[in-house]
Amino acid sequence: MKKYKSLGIIVFLFLILCYVGTVWKKQSRFFKVQNTLPCVNIAIPSVHEAADAELVEDAINRLISERYGCNIHIIYIPMENWKQQVNLLLVNNAVDIMAYMSEPTLPLLVKEGKLMELDECVANASEEFRKVWDEEKLAGTKVNGKIYAIPSYRNYGNYIGLTIEKEIASEYGIQSGKRMSLDEISSFLYELKKKYPDRYPLVPQGGDALVNGWTWDGLGDSKNIGVLENCGQSLVVKNTFDTEEFQEFCRYTRQWYKDGLIYPDILNNTLRGDELVRNNKGICYFENFANMEQTEVVHTVSVEPWAVSNSYIEVGYGINAESSHKETAWEVLEMLFTDCEVNTLLVDGLEGIHYEKNTDGTIAWTSKRSKGYLMADQYYFFPYCANTPPLQEEGADFWKKLDFFNKNVRTSKAIGFCFDSSEVSTEYQLCEAVVDKYYTAILSGAVDTEKMIERADREMKAAGIEKVIAEKQRQLEQFLRIN
C-alpha cells in the first residue's frame, strides 16, 4: 500500500511540476523582461486582432535592450473596450505610456491629474525628435499652456466631398480632385437618377449619417453642441441648428430625399457608404479624406482641407503621472518618434513573415498577414510612421504627400482647444439627448427640415443650450488668451 501511495505522490508532484513548467513557459518572457531591465508598458488602440503581437514585441526587445537599455510590453486594446480598459490600467498603475483619444480626452486626463507634464522633456529632447515636432506643432496639444502629450502622425485635416464609383465617374469625365459645389453635386445626382434608376445616387457615409462633419467646428465636442462657423474661422460659438451653413446643407438634402436621390432607409442603415456602393445599392457618398489616390473610387472636393480645433489632440501619446519609470518612459516615447527600425517592427511586423519589401520601397502583405499582424492598416494610431515603408496600395510617396497635405491644411482658429463639459454636465447631457434625436435625421433630409429645426431649437433651449454655449465661449476665450 505504501508503495502505491509513494507512487501516487510522485505522480502528483510530477503533474504539479508540469503545470508550473507550462505557466513558467508562458510567463518567463514577462518575468525576464521585468527582472532584468526596466519595462515600459504601452497601451495602443487597435481595430484588428494581433495574434503575433508577442512575436513582434520580442523582436523589438531584442533590438532595444542593448540600444536603449530597456524593454517594452505592448498592450493592444480593442477600440470598443478602449475607455474602460485604459481607466483600469490607470487605476492599477499598469501602464506607463498610453494613447488618448476622444474618450477619455486629453483635457480630461490632464484635469484628473493622470498625465505627466512634458515641457522639460521636450525642451531637452534630441535634435531628431525636434525635427519631427517643433514648438509650433506641439502648441496644438497644450492644455493650460503646458505640453502633456505628443500627437500621433496622421492627416490633421480632411477634404470633404462626394466620393463616386470609379467607372461611373469616368463616364462623366470626373477625375479625383474635381471641385464640386452643392449645386453641381445636385445636378449630377439628378442625372444619375435618370441613367441608373435601379440604384440610389447618394447613400449615407456610414450608419444613419449622411455626412460626418462639414464646415462647422464642434470644438472637441463630437455632438456639436455649440460650434464655430466657416471652418473654425469665426470665434463666436453658436447653436448648430441655427447656423446658416447647417441649414443650407439641409435644404439641399431635404430636396434630394424628397426626389428619391438619397437611400430611403438611411435612418435605419448600419452599413458604410463604400459597402452600399459595392452592393450596388448606391453610386456616391460623402466622405472626409486626405488621400485622393484610392484606386476603386474617385474623390471630388466640396470643402477644402481643414482641421477642427481638436485635430492635433484627437489621438496622441502621454506618460502616466504615476508611472514608476517616468524617465525611461520618455526615452521610449522619444524612441517611438525617431527610431525607424523600431517603428517598422511595431507598425509592419516582421519582414518575411508579415510583409515583403517591393523594389519601390513599399511593402506588400504576405499570405500570413490575415492571421498575424494587421497593424499597418491603422498607422494613424501609432506614434510615428513616416519613417516606415508605406503599404503598396498607398504608394511609395505616401508619407511625402501626407506631409505636404498637413502643411497646407487650413486650421481652425481654435486649434488645440477641446471643450470640457463638466461645469455644465446636466445641461450638456440634456442637450446631448436632443442632438441624438434630431441632428443626423435633419442632416439626412429624411424629415421636414424647417419643422424639425424649430422643434429641435425649442427643446435645446429648454435643455439649457444657452448655458452650454456660454460656458464653451468662456473656455474658448480663456484658451485663446493663454495660447
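In terms of the side-chain hydrogen bond (donor to acceptor under 3.5 Å, both in side chains) criterion, residue partners of E245 (sequence neighbours excluded) are, by chain and number, T215. The side chain to side chain contact (heavy atoms under 4.5 Å, CB included) test applied to N387 returns C340, N343, Y384, not counting sequence neighbours. Considering only residues two or more places apart in sequence or on other chains, Y438 meets the ring-ring contact (aromatic ring centres under 6.0 Å, His included) condition with none of them. For E341, the side-chain hydrogen bond (donor to acceptor under 3.5 Å, both in side chains) test picks out R67, with sequence neighbours left out. For S222, there are no side chain to side chain contact (heavy atoms under 4.5 Å, CB included) partners at least two apart in sequence or on another chain. With sequence neighbours left out, the side chain to side chain contact (heavy atoms under 4.5 Å, CB included) criterion links V143 to L106, V110, Y148. Partners of E112 according to the side-chain hydrogen bond (donor to acceptor under 3.5 Å, both in side chains) rule, which considers only residues two or more places apart in sequence or in another chain, are K114. Checked against ring-ring contact (aromatic ring centres under 6.0 Å, His included), W399 has the following partners two or more places apart in sequence or in another chain: Y379. In terms of the side chain to side chain contact (heavy atoms under 4.5 Å, CB included) criterion, residue partners of E466 (sequence neighbours excluded) are, by chain and number, K461. Residues satisfying the side-chain hydrogen bond (donor to acceptor under 3.5 Å, both in side chains) test with D360, not counting sequence neighbours, are T362.
Counting non-hydrogen atoms of neighbouring residues, nucleotides and ligands closer than 6.0 angstrom, the NZ atom of K178 reaches no more than 12 such neighbours. Crowding of N144 atom CG: a count of heavy atoms from other residues, nucleotides or ligands under 6.0 Å not exceeding 12. Counted within 6.0 Å of CD on E184, heavy atoms from surrounding residues, nucleotides or ligands total more than 12; the atom is thus considered enclosed. Within a 6.0 Å radius of CD in E120, other residues, nucleotides and ligands contribute 12 heavy atoms or fewer.
Counting only residues at least two apart or in different chains, salt bridge (Lys or Arg N to Asp or Glu O under 4.0 Å) contacts with residues 310-322 are absent. The list of salt bridge (Lys or Arg N to Asp or Glu O under 4.0 Å) pairs with a residue in residues 149-162, not counting sequence neighbours, is empty.
Between C231 and R410, the shortest heavy-atom contact is CB-NH1, 4.1 Å. In this structure, K472 and G218 approach most closely via the heavy-atom pair NZ-O, 3.2 Å.
Between Y439 and F246, a ring centre-to-centre spacing shorter than 6.0 Å is recorded. Close placement of the F129 and W330 rings is indicated, their centers lying within 6.0 Å of each other.
Taking CD1 of I74 as the reference point, atom OG of S46 lies at 11.0 Å (rounded to 0.5 Å). How far CZ of R272 is from CD of E287: 10.0 Å, rounded to the nearest 0.5 Å. One distance of note links CZ of F241 with CD1 of I442; it measures 5.0 Å at 0.5 Å rounding. Here I363 contributes atom CD1 and L391 contributes atom CG; the two are 5.0 Å apart, rounded to the nearest 0.5 Å. Here OG1 of T253 is found 6.5 Å from CG of L210. Values are rounded to the nearest 0.5 Å. Interatomic distance, I482 CD1 to K142 NZ, rounded to the nearest 0.5 Å: 11.0 Å.
E423 and R474 are not joined by a salt bridge, as no carboxylate oxygen comes within less than 4.0 angstrom of a charged side-chain nitrogen.
Using cut-offs of 30° and 60° on the angle between ring planes, the pair H354 and Y373 is tilted.
Tested against K238, the residues E229, E244, Q473 include a single side-chain contact (heavy atoms from CB on, under 4.5 Å) partner, E229.
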